[in-house]
Amino acid sequence: MIEKNYQPADIEARMSVVWEDSLAFKAGRPDRRDAVPFTIVIPPPNVTGSLHMGHALNNTLQDILCRFERMRGRDVLWQPGTDHAGIATQMVVERQLMERQQPSRREMGREKFLERVWQWKAESGDTIINQLKRLGASCDWSRERFTMDEGLSKAVVKVFVELHRDGLIYKDKRLVNWDTKLLTAISDLEVQQTEVKGSLWYLRYPVEGKIFSPDDPASFIVVATTRPETMLGDTGVAVHPDDERYQKLVGKHIILPLVGRKVAIVADEYSDPEKGSGAVKVTPAHDFNDFEVGNRHGLRRISVLDKEGCLDLLDNEDYLRDLPEGASQFAEEFHKVDRFAARKRIVERLESFGFIERIEPHTNMVPHGDRSGTVIEPYLTDQWYVDAKTLAKPAIAAVRSGETTFVPKNWEKTYFEWMENIQPWCISRQLWWGHQIPAWYGPDGKVFVAETEEKAVSHALGYYVEQEVITVEQGREMALDRNKREGFITRDEDVLDTWFSSALWPFSTLGWPDDTPEVKRYYPTNVLVTGWDIIFFWVARMMMMGLHFMKEAPFSTVYIHRLVRDEKGAKMSKSKGNVIDPLSLIDEYGADALRFALAREAAHTHDIKLSSQLVEINRNFATKLWNACRFAEMNDCVLPEGFEPAKAKEPLNRWIAHETAQATREVTEALEAHTFNEAATAMYRFVLNVYCDWYVELAKPALLGVDGPLRAETRAMVAWARDEILKLLHPFMPFITEELWEVTAKRDGLLALAPWPLKPAAPTPEQLAVAAGPTDPLISPVLVMPIFDHADFTDPKAEAEIGWVIDLVTQIRSVRAEMNIPPATLTALVLAGASAGTRERAPRWTEVIKRMARLSDISFVDRAPDGAVQLLVRGEVAALPLKGVIDVAAERARLDKEIAKADADIKRAESKLANEKFVANAAEEVVEEEREKREAALARKAKLLEALERLKQAS
RNA sequence: GGGCACGUAGCUCAGCGGGAGAGCACUACCUUGACAUGGUAGGGGUCACAGGUUCGAUCCCUGUCGUGCCCACCA
């Protein structure tokens, strides 16, 4: 028995257990061994994170696809897992230590700290997994992976070693984006450019050999800068080669104010005569452009900041070199002053000597760290890089060739644009939580990269023995004893960018680098579902790594969905306080309601504006479905063994078969095209406007009437259509449908594993090759295919009959409402001059029409009686004799309005048909359609005029 | 500076070469034998603007205005 009230929480808790116990989502189930696989890898959420609305959308869409394909008989692997999320996780744990006033990361040391992070992972790591389960995600949970698992770490090391061996990973000293708060390098992608209001300072740099005077423009050159404090590291001034103003100065020098360093004036096209003063200061160690300019002109790189972004002048050999007497006093004064304080003080100092010409307000884009929020400093350090440019080539080609396609397609352009301008990827991070780089250094800094410490050490010792740096004996001792080699051979302290391991996710989770059956069977995956915000971070890098190591793109389709925003369209963020928690929505309305809401909104063009009201509406839909099933149950609607809907006799039952087939085709096509919103909308409409509004209502007389073939067939059909609905809705609303399937449909086996109503297209030979066995292709023996062919079924005759009933009832209702006839007042219906067809079918519907349209009686006459309201239903007159009840003037106005409409239709059709060009150029069926419209409108008008005439006679 | 979207009913959005759609909101009516988490009916739109292509444009093209987003090293 179905419970009276729909209580999502109870159902969801119960169904989760049922699915888990039955291993319904396990990949490679015995009954699917011969089936074609379908694989999706989950975008791994942060292991210590919790479910937000973006996850809810992302995983709902993946689950819809997985459940759909599972029902279509595929062997589905939805690979779940979590990401170690280096910086984010390390920050969380460090913050926790601080809050609890425990020793800091550095105080406890690397080993202790890592223990602590693992502990934190153990405590909170399955939070998000449990939340995904609550959403209904049908992942194969037995295969859950973590990016720092042993297996995945093995993959990371192998990839690093091989890319290094092939020269695609290298170490380089160049400018990186340095986070002065987190004290690590970050990649370009982790830098966010933010508009900041600041100033543009115009500095006077005295020309060497001239006596500086603010009043003598010939004695200095003006450079403009937004970062005056970096002037301490200037090693050049650049002017444009064609800039006549400065041509005489090229090759000469300026004397850097405050510092006293002699700095060359060089000609370089980087300098733009239109900008600032046309001359630009060059600080190769603190600006990406200046770095390049410096390289071109062999300028020195002087780093004047330390890791924390403070001036670092004393003991800074680069800075102190070639300075005149007394300069170190300045260095002493400014040493360890923070960069922003230094800016202020240096400007003041420059001003006091007349070195500042003017200051303009200026807005510019300033790089900020996406995690720390602090201003990112271009900083000169040694880091590891991936040669992304080389790896990008096959990744670009794979999308060009169509091996991988983006949905919607316009994202390909974004992908190409980025890939074609890709920069070296900085992969080393000065953190502790992550995959430590498998590189070891000898005393001379020589690097040894190997898969294990043992291998690296043996290479290194062999090398140093050969170089006679150490003796054979020393080498042997060091090889055997860790302590003995400490300080001689040391491991790189850094870890890899989190996205490095994520890039391997589509194959590392399957067991690569081992040659596992899973790799063979499930790679490449079918669809990747993700938001556009991580195309660069993740999708592009998976493409590069997948193609390089597996020789095949990791997925054939990349489905890009939009973001979920709050109801006003603002991005959800903790600071704004507008975050909607999916879990609380699930608590309140149920996971099915949330899922259906998201699916219905998941169109390509807009971000989703989510409100609790939206979810409520969809909960109401679930309730409606619930009650419709209760109705079926209360009327003993069960599907008899061997029932064949295509052989139904009753027009109403044939009609619902017709409508169900159509809805099935719509939903299937939409899901195949990944247009989730269309699929969900089609179901919404079918369930409410077809099944509930009309089929159930029209079936009531039969169900409540006498026992007999009509009642039996209708009961079977109500149950059959309900079952089809449950199947079609299951990918969207798995919990409620599974519950109803079990409780009321009383069918064997899980709905999650039941066959989809529409038979899928035959698998391709390639797909078959992946299936394990030689037996029938797609569908395993236990899956009984549907007995009803939705692909072809159609019944225009049934449609004509039921359509007539629907139109008649609708029109009577409408006119009754218009005429303010109270529902309690029953009226008679007279079918005037009815056709043979109408006379034949009307008796079947007498009762239902009477009930639905509030009629006392239905009769046939040749002519509509005088003073009746006359309706035109599918070309025939249906009259409500309401003489004395109706307002004749109002009725006349109504008819006039109808006639005017008919006239407009006639006019439109005729003017088209009178247009020779239209008749000549338009498609034949369009022209024919127009003729039919004209005829229909003419007939309608004639009948309406007749009706009007009769009305006049009556009054 | 380059690129990508989007301006359709009061609101949120579908649609996309041949008579403008949904949900919510609104109005009126209805406790009818699954459902008030409901039902029935109704009002409401020069589909941003201007050109062009076409027999025909909300839909395709160009431009204008407006909105949002992404990328970029501009002093």
Side-chain angles (χ1 to χ4, degrees), chain A residues 2 4-6 188 193 200-202 223-227 238 270-272 274-283 287-292 362 364-365 367 378 408 410-411 413-414 417-418 421 532-533 535-536 562-563 567-569 571 589 593 600-601 603-611 613-614 616-635 677-678 681 684-685 689 692-693 696-697 700 704 809-810 813-818 820-824 851-852 854 904-905 908-909 912 915-923 925-927 929-930 933:
Chain A
I2 307 180
K4 175 141 187 358
N5 291 313
Y6 166 52
D188 301 349
Q193 301 289 341
L200 190 57
W201 287 270
Y202 287 78
V223 295
T225 180
T226 51
R227 298 203 54 196
Y270 164 66
S271 178
D272 182 349
E274 306 290 314
K275 295 240 167 71
S277 62
V280 62
K281 67 196 257 327
V282 181
T283 323
D287 182 282
F288 289 98
N289 287 309
D290 293 5
F291 185 81
E292 301 297 327
H362 184 78
N364 65 334
M365 299 298 267
N410 52 299
W411 287 108
K413 186 156 185 162
T414 309
E417 207 143 304
W418 190 69
N421 297 301
W532 49 264
D533 49 337
I535 291 179
F536 305 144
R562 307 299 295 221
L563 263 35
E567 54 196 302
K568 291 186 199 106
K571 209 166 171 174
Y589 303 107
R600 285 182 69 196
E601 298 300 316
H604 295 325
T605 46
H606 275 91
D607 286 349
I608 297 175
K609 288 179 189 148
L610 191 89
S611 61
Q613 193 201 27
L614 191 70
E616 187 185 348
I617 292 160
N618 290 286
R619 189 275 317 271
N620 295 352
F621 172 70
T623 307
K624 187 80 179 173
L625 173 71
W626 185 263
N627 284 310
C629 290
R630 276 183 65 218
F631 171 82
E633 185 182 61
M634 290 163 81
N635 285 282
N677 59 327
E678 279 177 24
T681 305
Y684 187 88
R685 222 177 1 230
N689 302 5
C692 292
D693 288 355
V696 164
E697 291 304 322
K700 276 177 181 172
L704 299 165
V809 168
T810 306
R813 279 172 172 171
S814 176
V815 81
R816 286 180 58 114
E818 246 174 272
N820 287 320
I821 298 168
R851 201 174 70 86
M852 295 182 81
R854 316 289 302 161
D905 287 352
R908 188 184 305 113
K912 276 191 177 183
N915 183 341
E916 279 172 34
K917 287 180 178 171
F918 171 73
V919 180
N921 293 326
E925 59 265 30
V926 173
V927 177
E929 213 175 289
E930 218 54 46
K933 276 183 205 163

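It should be emphasised that the depicted structure is a prediction, and the values quoted were computed from it without experimental measurement.
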Original post:
Dot-bracket, RNA chain B: Watson-Crick or G-U, under 3.5 angstrom, [ ] crossing, | other strand?
Top reply: (((((((..((((....[..)))).(((((.......))))).....(((((..]....))))))))))))....
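No side-chain donor-acceptor contact under 3.5 Å links Lys609(A) and Ser611(A).
One C1' atom belongs to rG21(B), the other to rG15(B), and the distance between them is 7 Å to the nearest Å. With P as the reference atom, rA22(B) and rG39(B) are 15 Å apart, rounded to whole Å. Separating the C1' atom of rG68(B) from that of rG18(B) is a span of 33 Å, rounded to the nearest Å. Nucleotides rG3(B) and rU8(B) have their C1' atoms positioned 26 Å apart, rounded to a whole Å. With both ends at atom C1', the span from rA48(B) to rA9(B) equals 15 Å, rounded to whole Å.
Whole-Å rounding puts the Asn689(A) CG to rG21(B) P distance at 14 Å. Per the geometry, CG belonging to Leu614(A) stands 9 Å off C1' belonging to rG23(B), to the nearest Å. Remark: P of rA22(B) and OH of Tyr684(A) are 12 Å apart, rounded to the nearest angstrom.
Contacts of Arg619(A) classified as side chain to side chain donor-acceptor pair (under 3.5 Å), with partners at least two apart in sequence or in another chain: none. For Asn410(A), the side chain to side chain contact (heavy atoms under 4.5 Å, CB included) test picks out Pro408(A), with sequence neighbours left out. Residues satisfying the ring-ring contact (aromatic ring centres under 6.0 Å, His included) test with Phe536(A), not counting sequence neighbours, are Trp418(A). With sequence neighbours excluded, the residues satisfying side chain to side chain donor-acceptor pair (under 3.5 Å) with Asp188(A) are Asn177(A). Scored by the side chain to side chain contact (heavy atoms under 4.5 Å, CB included) test, Glu818(A) finds Ser814(A), Arg894(A) as partners (sequence neighbours excluded). When the side chain to side chain contact (heavy atoms under 4.5 Å, CB included) test is applied to Ala632(A), the partners found at least two apart in sequence or on another chain are Cys637(A), Val718(A), Arg722(A). Asn364(A) is linked by a side chain to side chain contact (heavy atoms under 4.5 Å, CB included) to Thr226(A), His362(A), Val366(A), counting only residues two or more places apart in sequence or in another chain. In this view, Arg813(A) satisfies the side chain to side chain donor-acceptor pair (under 3.5 Å) rule with no residue, not counting sequence neighbours. Listed by chain and number, the residues in a side chain to side chain donor-acceptor pair (under 3.5 Å) with Glu417(A) amount to none (sequence neighbours excluded).
Within the nucleic acid shown, Cys692(A) comes within 4.0 Å of at least one base atom, counting heavy atoms only. Within 4.0 Å of Glu925(A), counting heavy atoms only, lies no atom of the nucleic acid at all. If you check every strand for non-hydrogen atoms under 4.0 Å, Glu929(A) touches nothing. Using a 4.0 Å heavy-atom distance criterion, Ala923(A) is classed as a base contact. Using a 4.0 Å heavy-atom criterion, one finds that Asn364(A) contacts the sugar-phosphate atoms exclusively.
Distances shorter than 4.0 Å separate none of the side-chain N or O atoms of Lys624(A) from OP1 or OP2 on rU37(B). Within the structure, a side-chain polar atom (N or O) of Asn921(A) is placed less than 4.0 Å from OP1 or OP2 of rC55(B). Under 4.0 angstrom from either OP1 or OP2 of rG38(B) there lies at least one side-chain N or O belonging to Asn620(A).
When the nucleotides rA34(B), rG19(B), rA72(B) are ranked by their closest atom to the side chain of Met365(A), rA72(B) comes out on top. Of the candidates rA34(B), rG18(B), rA41(B), the closest approach to any side-chain atom of Ala817(A) belongs to rA41(B). Comparing atom distances between the Glu697(A) side chain and each of rC24(B), rU40(B), rA34(B) picks out rA34(B) as nearest. Taking only side-chain atoms of Trp532(A), from C-beta outward, the nucleotide of rA41(B), rC70(B), rC55(B) with the closest atom is rC70(B). For Lys912(A), whose side chain is taken as the heavy atoms from C-beta onward, the closest listed nucleotide among rC35(B), rG18(B), rG23(B) is rG18(B). Listed nucleotides: rA34(B), rU40(B), rG19(B). Nearest to the side chain of Arg908(A): rG19(B).
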Original post:
For every nucleotide of nucleotides 27-33 of chain B, 5' to 3': is a protein heavy atom under 4.0 Å from its base (B), only from its sugar-phosphate (S), or from neither (-)?
Top reply: --SS--B
**OP:** Classify every nucleotide of nucleotides 1-14 of chain B by which part a protein heavy atom approaches to under 4.0 Å, writing B for the base, S for the sugar-phosphate alone and - for neither, in 5'-to-3' order.
**Re:** --SSSS-----SSS
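Remark: Lys624(A) fails to qualify as a cation-pi partner of Tyr684(A) under the 6.0 Å distance and 45° angle criteria applied to the six-membered ring.
Put simply, the side chain of Asn618(A) never gets that close to the backbone of Ala593(A): no donor and acceptor are under 3.5 Å apart.
Taking only distance into account, the side chain of Arg813(A) never meets the base of rU40(B) through a donor-acceptor pair shorter than 3.5 Å. You'll find a donor-acceptor pair under 3.5 Å spanning the side chain of Asn289(A) and the base of rC73(B), going by distance alone.
Ile2(A) has its side chain within reach of Arg630(A): a pair of non-hydrogen atoms, C-beta onward, lies under 4.5 Å apart. Arg227(A) is not listed as a side-chain neighbour of Trp201(A), based on a closest heavy-atom distance of 4.5 Å or more.
Residue order along RNA chain B, read from the 5' end via each residue's closest nucleotide, puts Ile617(A) first among Ile617(A) and Ser271(A). In terms of position on RNA chain B, the residue among Glu616(A) and Lys917(A) whose nearest nucleotide sits closer to the 5' end is Glu616(A).
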